[in-house]
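Read through the structure below, which is laid out as structure tokens, and then see the notes.
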Amino acid sequence: MGILAGKKGLILGIANDKSIAWGVTQACKREGAELGFNYLGDMLEKRVRPLAESVDATLIESLDVSDDAQLDEFFGKVAQQWGKLDFMVHSIAFANKDALRNRFSTTSREDFRLALDISAYSFVACAQRAAPLMNAGGSMVTMTYLGAERTVPGYNVMGVAKAALEASTRYLAQDLGPDGIRVNAISAGPIRTLAASAVGDFRKLMEKSARGSMLKRNVTQDEVGNTAAYLLSDMASGVTGEVHYVDAGFHIGVGDPGIE
Ligand code: NAP
């Protein structure tokens with residue numbers, strides 16, 4: 001029996017089969033979970049629905065996390081169809097491309113607001129609606145990146161958003177801990193996905209990461225997925241409020257994105 005057998009969980013943020021959320025999906029399915037998904041608009045439904053159906057999803061609904069009314073409707077459907085929720089994965093981020101290409105000092109108020117809203121606040125917004133559906137043993141996981149704590153060229157306002165996301169993870173963990181609900185973040189090394197293509201000079205970042213990591217390579221969606229499955233399971237029952245690095249040892253080694 002898998003470590004997630006008998007658990008129902010939401011995975012938010014699949015864009016396609018390259019998404020980190022898809023790696024998480026495969027690990028959670030393998031470990032026996034029943035899964036539900038969101039998609040963002042009709043375009044994405046065409047891509048997400050077949051993927052979700054291939055893992056026997058029992059809930060596939062539209063959700064733009066920047067809209068409170070949609071959040072209420074989405075989690076209302078989760079309550080109606082599932083009754084209870086055991087875990088939630090938040091694998092969502094967005095920033096305007098220009099804000100990642102231009103000098104950080106030129107970031108506009110609107111680009112700053114948008115990046116923080118969709119990439120950080122949305123985790124709080126989802127958590128506040130998911131928690132009432134969870135019993136003790138519930139678990140939430142979000143996706144962050146080293147750019148939250150170090151400067152990474154080209155990551156810019158997204159680094160600021162990830163710093164807010166990591167702090168939100170700790171405050172959510174403190175707040176929901178007395179209810180027996182755990183909240184963690186995974187800091188993944190660079191992986192080629194749709195969102196990653198918006199980051200300036202991402203190819204170079206991947207090369208530097210592989211070179212500077214202890215394992216001398218980059219990580220995969222599946223490796224992030226396996227760590228997520230562990231954190232979502234009762235195997236991690238004493239683990240909360242943490243950032244877990246799945247980056248082949250890059251952050252603690254000599255690796256530094258700034259070093260050629
Ligand atoms: P991805 O496949 O492009 O996933 C990002 C997801 O966020 C997409 O499904 C996207 O939908 C969704 N999204 C954006 N705005 C949304 C909104 N308003 N409402 C609902 N969904 C929205 O890229 P990914 O790399 O797997 O990213 C997943 C997470 O991992 C992100 O938080 C990212 O920052 C993080 N991460 C990525 C890396 C990496 O190197 N790839 C490393 C560390 C952490 P659309 O495609 O429709 O916009």
Side-chain angles (χ1 to χ4, degrees), residues 10-26 37-49 51-52 61-71 73-74 89-97 100 113-123 125-126 141-150 152 154-166 168-169 185-210 213 218-225 227-228 243-248 250-251 257:
L10 291 174
I11 298 183
L12 309 177
I14 289 190
N16 55 39
D17 63 359
K18 304 282 180 296
S19 294
I20 290 178
W22 182 241
V24 176
T25 298
Q26 287 175 307
F37 300 89
N38 81 310
Y39 57 86
L40 179 59
D42 296 343
M43 270 280 290
L44 263 278
E45 180 177 9
K46 285 199 195 96
R47 270 188 277 153
V48 174
R49 193 169 280 284
L51 290 171
E61 298 290 344
S62 172
L63 171 63
D64 178 339
V65 293
S66 66
D67 182 333
D68 281 338
Q70 289 194 33
L71 281 159
E73 199 180 327
F74 180 84
V89 177
H90 172 275
S91 188
I92 288 173
F94 183 80
N96 269 334
K97 257 192 184 152
L100 302 176
R113 189 203 62 73
L114 189 67
L116 272 281
D117 183 20
I118 296 180
S119 315
Y121 177 70
S122 71
F123 186 41
C126 290
V141 168
T142 189
M143 298 298 161
T144 185
Y145 176 61
L146 188 60
E149 54 189 285
R150 293 204 212 166
V152 175
Y155 207 59
N156 295 5
V157 72
M158 189 54 80
V160 180
K162 292 300 190 192
L165 179 69
E166 291 183 13
S168 300
T169 299
I186 294 175
S187 185
I191 297 173
R192 205 173 299 284
T193 63
L194 212 58
S197 65
V199 176
D201 232 345
F202 189 74
R203 191 185 52 78
K204 210 165 160 194
L205 186 67
M206 285 200 77
E207 283 168 10
K208 284 180 181 174
S209 266
S213 75
N218 284 306
V219 296
T220 65
Q221 280 92 338
D222 290 344
E223 289 174 318
V224 177
T227 301
V243 175
H244 303 260
Y245 296 88
V246 182
D247 67 354
F250 182 80
H251 72 290

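Remember, it's 1-based here, ligands and their atoms both numbered in the order they're listed.
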Can you find a protein heavy atom closer to atom 10 (C) of ligand 1 than 4.0 Å? no
Heavy-atom contacts under 4.0 Å between [X] and ligand 1: side chain, backbone, both, or neither?
| X | value |
| --- | --- |
| Thr142 | neither |
| Leu63 | backbone |
| Phe202 | side chain |
| Met43 | neither |
| Ile20 | both |
| Leu44 | side chain |

Using a strict cut-off of 4.0 Å, indicate which atoms of ligand 1 neighbour a heavy atom of [X].
| X | answer |
| --- | --- |
| Pro190 | 40 (O) |
| Ala196 | 41 (N) |
| Ile118 | 15 (N), 16 (C), 18 (N) |
| Asp64 | 17 (C), 18 (N), 19 (N) |
| Gly13 | 4 (O), 6 (C), 8 (C), 9 (O) |
| Gly189 | 40 (O), 42 (C) |
| Ile14 | 9 (O) |

[X] to [Y] - nearest heavy-atom pair and separation:
| X | Y | value |
| --- | --- | --- |
| Val65 | Cys126 | CG1-SG, 4.1 Å |
| Gly147 | Tyr155 | CA-CD2, 3.8 Å |
| Val24 | Met143 | CG2-CE, 3.8 Å |
| Ile191 | Val219 | CG1-O, 3.7 Å |
| Ala125 | Leu71 | CB-CD1, 3.7 Å |
| Ser122 | His90 | OG-NE2, 2.7 Å |

In this structure, does ligand 1 have an atom that sits under 4.0 Å from one of the heavy atoms of Gln221? no
Could a heavy atom of Gly41 be found less than 4.0 Å from some atom of ligand 1? no
Answer yes or no: is there a donor N or O on one side and an acceptor on the other, between the side chain of [X] and the main chain of [Y], under 3.5 Å?
| X | Y | result |
| --- | --- | --- |
| Glu45 | Tyr39 | no |
| Thr193 | Ala196 | yes |
| Gln70 | Asp64 | yes |
| Glu223 | Thr220 | yes |
| Asn38 | Gly13 | yes |

What residue and atom, counting heavy atoms only, is the protein's closest point to [atom], and at what distance?
| atom | result |
| --- | --- |
| atom 24 (P) of ligand 1 | Thr193 OG1, 3.4 Å |
| atom 29 (C) of ligand 1 | Ser91 OG, 3.4 Å |
| atom 3 (O) of ligand 1 | Ala195 N, 2.9 Å |
| atom 32 (O) of ligand 1 | Lys162 NZ, 2.9 Å |
| atom 35 (C) of ligand 1 | Met143 CB, 3.7 Å |
| atom 46 (O) of ligand 1 | Ala15 CB, 3.6 Å |
| atom 44 (C) of ligand 1 | Thr144 O, 3.0 Å |
| atom 41 (N) of ligand 1 | Ile191 O, 2.8 Å |

At what distance, to the nearest 0.5 angstrom, does [atom1] of [X] lie from [atom2] of [Y]?
| X | Y | atom1 | atom2 | answer |
| --- | --- | --- | --- | --- |
| Asn218 | Lys208 | CG | NZ | 13.0 Å |
| Ser91 | Trp22 | OG | CH2 | 13.0 Å |
| Ser119 | Leu165 | OG | CG | 8.0 Å |

Indicate yes or no: does an N/O atom of Asn38 lie under 3.5 Å from an N/O atom of ligand 1? no
Check: of Ala21, Ala161, Ala198, Ala93, min heavy-atom distance to atom 14 (C) of ligand 1 comes from Ala93
Salt bridge check, Glu166 against Lys162: does any charged N sit closer than 4.0 Å to a carboxylate O? no
